[in-house]
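Convention: sequence-line order gives letters A, B, ...; per-chain numbering from 1.
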Amino acid sequence: MKYGLISDIHGNVEALRAVLSDIKRHRVDSIHCLGDVVGYGADPTACLKLVLENCDTKLLGNHEYAALGLQSCDNFNDAAKTSTEWTQQTLDDDWIAVMSDFAVDRPMDDMYLVHASPFEPSEWHYILSATDAINAFEHLKQRIGFFGHSHIPTILREKPEGLPSIQTGHDFTADPEGRYLVNVGSVGQPRDNDPRASYVVFDSEELDIEFHRVEYDIEAAQHKMSEANLPSTLISRLSAGI
Amino acid sequence: MPEITVKYEDKVIERIVTEKKRISIGRGNDNDIVLENRGVSRRHAMIEFNDNAAVLIDNESLNGTFVNSRKVSEEVLRDQDVITIGKYALVYNTETTHEGADGANFDGTMVLNTKQQKKMLENDKIERQIVEKYGGSVLLGMENADFAEHRLDRDVSTIGKAKFVHVRAKGFWLSGIQAKIVIEGQVFSIYNLGKQGKLKVNGEPTTQCVLKNGDLISVGKSTFKFVESKS
């Protein structure tokens, strides 16, 4: 089976449309969204609609959790807080109800999908260091876990001894005996100094994992955010990919 | 202006709108609200109005005064609070309602139902012990619940059918996260998040409301009772 894996769309419908169009080239069997469809960007409703229409898996991210009012925004920076409040005001009750049905994770045979970490999925722990990765691997029951959250395409491989290896996302074929955690990057707000939208295609028979980048109309997305009076730092970061 | 609706067995027998700073409640004829019943003390309780607050004070009555099924000695009243004295229910409204009075006749000769009184006192005692044990407000599992008691110790508690929610509920077509209970200061509020009509409080479909002690929360086929701690 061939799976398309997308995450962290963040209300950027221009980036999402570009990714959904590009992903068709790979003739994937299904597309799976790992959460954070909303937050930051100007088109949360349009993004939710496209995700519902195109994705088999719809996972909760911390920004859905915040939009549902299930966690305090106290730990968010000012820009994130402002955009969360804007998103809450923008989404009507029908879309709140749609998000309330998203799952927090999804095991699929030898694959596991989650927004942040297999360790306490609804606590939104980041996997940024080898120590974080050890904890995450301890809670991963499958061979390969796909996640998002940090917006940085990354490959983590468990080592029989010592710390897991951490590599920047690149195309590779997984070792059938190995265990991996793969960050698929962000569709709508990449933070690895490459502003292009990111997604992954996974071939579960060949164990091929491909990282893809897609150009999209960043200026159009920025213009809408500006029209919506969203914070300028969130607007400018899109063209820098930070 | 504040309004007190006096009910007997769900029938409105009196509706009092007052500008007074203090109203008295009791069996004696000199009270502002006269409840003619042997189970009611001569000077049973009073309500004092201070600026925006109304405070109910029990005058060490023999059978006790209850607010939302909890025995109280002194209690700040909230809108729609139900004060129980004997078999009378006095509903406190912060503003005058526009409903017409039933005008039911009540001859004041009914005898206090002591079984009901005893049961209410027993339940009150048990529930006080539970909130004391947990040191805070709790949900009691009444129907189709996978717990007997659940401490509401988070700022936000989720209720639904998903495995990751704090309070699991059963039922078809329930949303993963059907509802949330939010603590704001000392006040607990419940909000529906999922499909409409799946959250009910005291049998009424609800989108959001402030919870009161004794409220029955139904989510799908599961029912929970809210027991509030007044620390």
Side-chain angles (χ1 to χ4, degrees), chain A residues 33-35 37-38 44 48 51-52 55 57-76 81 84-85 87-89 91-107 112-125 139 141 147, chain B residues 136 139 146 150-201 204-211 217-222 224:
Chain A
C33 176
L34 310 185
V37 180
V38 304
L48 283 167
V51 165
L52 277 192
C55 298
T57 301
K58 282 85 66 175
L59 294 188
L60 277 172
N62 53 311
H63 279 262
E64 277 79 46
Y65 221 60
L68 289 167
L70 301 180
Q71 69 172 37
S72 154
C73 297
D74 291 349
N75 293 331
F76 285 20
K81 201 180 287 184
T84 300
E85 287 165 1
T87 303
Q88 286 173 328
Q89 288 160 12
L91 291 170
D92 67 24
D93 287 351
D94 289 342
W95 290 106
I96 292 288
V98 164
M99 292 192 297
S100 75
D101 246 343
F102 285 6
V104 81
D105 61 0
R106 184 176 182 191
Y112 176 76
L113 310 177
V114 69
H115 179 68
S117 171
F119 170 56
E120 300 179 333
S122 57
E123 296 296 327
W124 321 111
H125 301 295
H139 292 84
K141 295 185 174 66
F147 68 107
Chain B
L139 288 182
D146 55 11
H150 176 92
R151 166 88 199 271
L152 291 167
D153 56 356
R154 295 174 180 80
D155 291 343
V156 182
S157 298
T158 50
I159 308 174
K161 71 171 185 187
K163 66 180 179 185
F164 61 89
V165 297
H166 304 120
V167 177
R168 294 286 294 278
K170 297 182 175 73
F172 295 114
W173 306 110
L174 275 188
S175 296
I177 311 169
Q178 183 64 49
K180 61 178 177 180
I181 295 177
V182 181
I183 310 172
E184 290 153 323
Q186 296 288 312
V187 179
F188 287 74
S189 301
I190 191 161
Y191 299 81
N192 186 63
L193 294 172
K195 296 173 186 78
Q196 297 297 309
K198 296 291 178 187
L199 168 67
K200 292 178 181 173
V201 175
E204 292 295 319
T206 304
T207 52
Q208 70 176 78
C209 72
V210 171
L211 290 173
I217 300 164
S218 299
V219 179
K221 289 182 174 176
S222 299
F224 315 101

B:A162, B:G160, B:G176: which one forms the most heavy-atom pairs within less than 4.5 Å of chain A?
-> B:G176
Give me a line-by-line list of donor-acceptor atom pairs from chain A to chain B that are under 3.5 Å apart, or tell me none exist.
residue, atom, partner, partner atom, Å
A:L68, O, B:K180, NZ, 2.9
A:G69, O, B:K180, NZ, 3.4
A:A97, N, B:L193, O, 3.4
A:S100, O, B:G176, N, 3.4
A:S100, O, B:I177, N, 2.8
A:D101, OD1, B:G176, N, 2.8
A:D101, OD2, B:K195, NZ, 2.7
A:D105, OD1, B:K163, NZ, 3.4

Closest contact, heavy atoms only, A:L68 versus B:L193 | O-CD2, 3.7 Å
